[in-house]
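Note that the structure is predicted; figures quoted are calculated from it, not measured.
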Amino acid sequence: MEYLFQGFLEKNKESYTVRLLNKEDIDQLQELQELVVLDLKEKSILQPLTYEELEYILDGNGLMIGAFTEYGLIAFRALLIPPIDEEHLGLDAGLPEEELEDVIYQEISTVHPDYRGNRLQQTLAHLIMEEMGNLERSFTYTACTVAPFNIPSLKDKFSQGMEIAALKIKYAGQLRYIFIKRLDGRDTKGEIYELKRLPMEDTTGQQTLLGKGWRGISMEEEKGGYVVVYVKR
């Protein structure tokens, strides 16, 4: 079996491997998703993929990789080549229609509760973006949605250099940040000339800034809560 990566989990004192996933892995994928959702105090922060959605990605409409120990699947990460429709995240991020086909989504990223704290999200993010280069198509942008207060996922996206371009109600009727990043190395961001920090719970304030072209570039812990750092370029 060909592995993308072999590593060691310092926290758990176990070795692990990472490989591409296929349809034979769907049962393990669903089991891990269910376990992670059960462990969440706030269930709405994670929108698990359905069997049909998993199958759609594994049918060649994206990419999925997983981390395994001797006990089975402990983490996975997915990229989705999305259909072009009115719900496309590129539209939410302000891209013109002709660029929507150049967007690939970072879909769900899931880590078994017993294996958190090993930087698996970051490791899988690096590996899957590397593996994306082997797809038949190339992409200019990557985009995704993250729930406010889903702190591990927010940290993960900011660590990749992704930025918040919108904050709105999406598919499941839930409030979501829309993240986007340009992948081709072209720096179109421009110089920062204004900066504001808003509490994460200030939905209206954040939406007002985003509507005026501001971008969320990072988050900070402050007085027991979190603030999002927004910039105007």
Intermediate values then yes/no, side chain to side chain donor-acceptor pair (under 3.5 Å), Tyr115 and Glu14: CA-CA 10 Å; Tyr115 290 90; Glu14 293 179 57; 3.0 Å; yes
Stepwise side chain to side chain contact (heavy atoms under 4.5 Å, CB included) check, Ile81 with Phe139: CA-CA 10 Å; Ile81 301 171; Phe139 298 88; 3.7 Å; yes
Intermediate values then yes/no, ring-ring contact (aromatic ring centres under 6.0 Å, His included), Tyr71 and His112: CA-CA 12 Å; Tyr71 302 108; His112 191 295; over 10 Å; no
Trace of the side chain to side chain contact (heavy atoms under 4.5 Å, CB included) decision for Gln47 with Thr145: CA-CA 10 Å; Gln47 184 67 29; Thr145 63; over 6 Å; no
Val228 vs Leu198, side chain to side chain contact (heavy atoms under 4.5 Å, CB included): CA-CA, chis, key distance, verdict: CA-CA 5 Å; Val228 183; Leu198 291 183; 5.6 Å; no
Trace of the salt bridge (charged side-chain N to carboxylate O under 4.0 Å, His left out) decision for Arg197 with Glu220: CA-CA 9 Å; Arg197 300 160 78 254; Glu220 299 171 358; 2.5 Å; yes
Step-by-step side chain to side chain contact (heavy atoms under 4.5 Å, CB included) determination, Leu210 to Tyr230: CA-CA 9 Å; Leu210 290 162; Tyr230 285 91; 3.7 Å; yes
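One finds the CG atom of Asp85 at 8.5 Å from the CG atom of Leu91 (value rounded to the nearest 0.5 Å). Rounded to the nearest 0.5 Å, atoms CE (Met219) and NZ (Lys157) are 12.0 Å apart. Atom CD of Glu55 sits about 5.5 Å away from atom CG of Asp59, to the nearest 0.5 Å. Once rounded to the nearest 0.5 Å, the distance linking CD of Gln33 with CG of Leu73 reads 10.0 Å. Summarising the geometry, atom CD belonging to Gln30 is positioned 13.5 Å from atom CG belonging to Leu35; distances are rounded to the nearest 0.5 Å. Going from atom CD1 of Ile217 over to atom CG of Leu195 covers 6.0 Å, rounded to the nearest 0.5 Å.
Using modelled atom types, no side-chain atom of Arg176 and backbone atom of Lys168 make a donor-acceptor pair closer than 3.5 Å. The backbone N or O of Glu163 sits nowhere less than 3.5 Å from a side-chain atom of Lys181 that would complete a donor-acceptor pair. Judged purely by atom type and a 3.5 angstrom limit, Lys196 has no side-chain atom pairing as donor or acceptor with the backbone of Lys232. Remark: side-chain polar atoms of Asn150 are not paired, donor with acceptor, to backbone N or O of Ala147 under 3.5 angstrom. The backbone N or O of Leu100 sits nowhere less than 3.5 Å from a side-chain atom of Tyr141 that would complete a donor-acceptor pair.
Ile180 approaches Ala165 most closely through the heavy-atom pair CG2-CB, 4.1 Å. Pairing each heavy atom of Leu49 with each of Glu107, the nearest pair is CD2-OE1, 3.5 Å. Residue Arg215 comes nearest to Ala93 through the heavy atom pair NH2-O, 3.8 Å, listed as atom of the first residue, atom of the second, then distance. The shortest non-hydrogen separation linking Asp92 to Glu87 is OD2-O, 4.1 Å. Here the closest non-hydrogen pair linking Gln206 and Met200 is NE2-O, 2.9 Å. Considering all non-hydrogen atoms of both residues, Gln207 and Leu167 come closest at NE2-O, 2.8 Å.
If you check the side chains of Arg19 and Tyr3, you find no donor sitting under 3.5 Å from an acceptor. Asn118 and Asn12 share a donor-acceptor pair across their side chains, judged by distance under 3.5 Å alone. For the residue pair Gln6 / Thr17, no side-chain donor-acceptor distance below 3.5 Å is found, with atom types taken as modelled. Between the side chains of Gln160 and Gln122, no donor-acceptor pair is found at a separation under 3.5 Å.
Ion pairing between a basic and an acidic side chain is recognised when a charged N comes within 4.0 Å of a carboxylate O; Arg119 and Asp156 show no such pairing. Ion pairing between Arg77 and Glu131 fails under the 4.0 Å rule for side-chain N and carboxylate O. Here Asp25 does not pair with Lys23 in a salt bridge; the nearest charged N to carboxylate O distance is not below 4.0 Å.
Considering only heavy atoms from C-beta on, Ile104 comes within 4.5 Å of Met132 through its side chain. Between Ile151 and Tyr226, some side-chain heavy-atom pair lies under the 4.5 Å cut-off. The shortest distance between side-chain heavy atoms of Thr142 and Val103 does not fall below 4.5 Å. Within the 4.5 Å cutoff, no side-chain heavy atoms of Leu124 are placed close to those of Met129. For the pair Phe179/Leu89, no side-chain contact is recorded, criterion being any heavy-atom separation below 4.5 Å from C-beta on. Gln121 places none of its side-chain heavy atoms less than 4.5 Å from the side chain of Thr110. Between Val36 and Pro113 the shortest side-chain heavy-atom distance falls below 4.5 Å. Between Trp214 and Thr208, every side-chain heavy-atom pair lies at or beyond the 4.5 Å cut-off.
Applying the 6.0 Å contact sphere to NZ of Lys13 captures more than 12 heavy atoms from other residues, nucleotides or ligands. Within a 6.0 Å sphere centred on CD of Glu24, other residues, nucleotides and ligands contribute 12 heavy atoms or fewer.
Criterion: ILVMFWY side-chain heavy atoms under 4.5 Å apart, direct or through other members. Under it, Tyr105 and Phe76 are part of a common hydrophobic cluster. Linking Ile, Leu, Val, Met, Phe, Trp and Tyr residues whenever their side-chain heavy atoms come within less than 4.5 Å leaves Leu29 and Ile74 in two separate clusters. Both Leu80 and Tyr171 belong to a single network of hydrophobic side chains, linked directly or stepwise wherever heavy atoms of I, L, V, M, F, W or Y lie under 4.5 Å apart. There is no path of hydrophobic side-chain contacts, each under 4.5 Å, that joins Val18 to Ile26. Put simply, Ile84 and Ile57 are part of the same group of oily side chains (I, L, V, M, F, W, Y) that touch within less than 4.5 Å, one to the next.
Using cut-offs of 30° and 60° for the angle between ring planes, the Tyr16 and Phe5 rings count as tilted.
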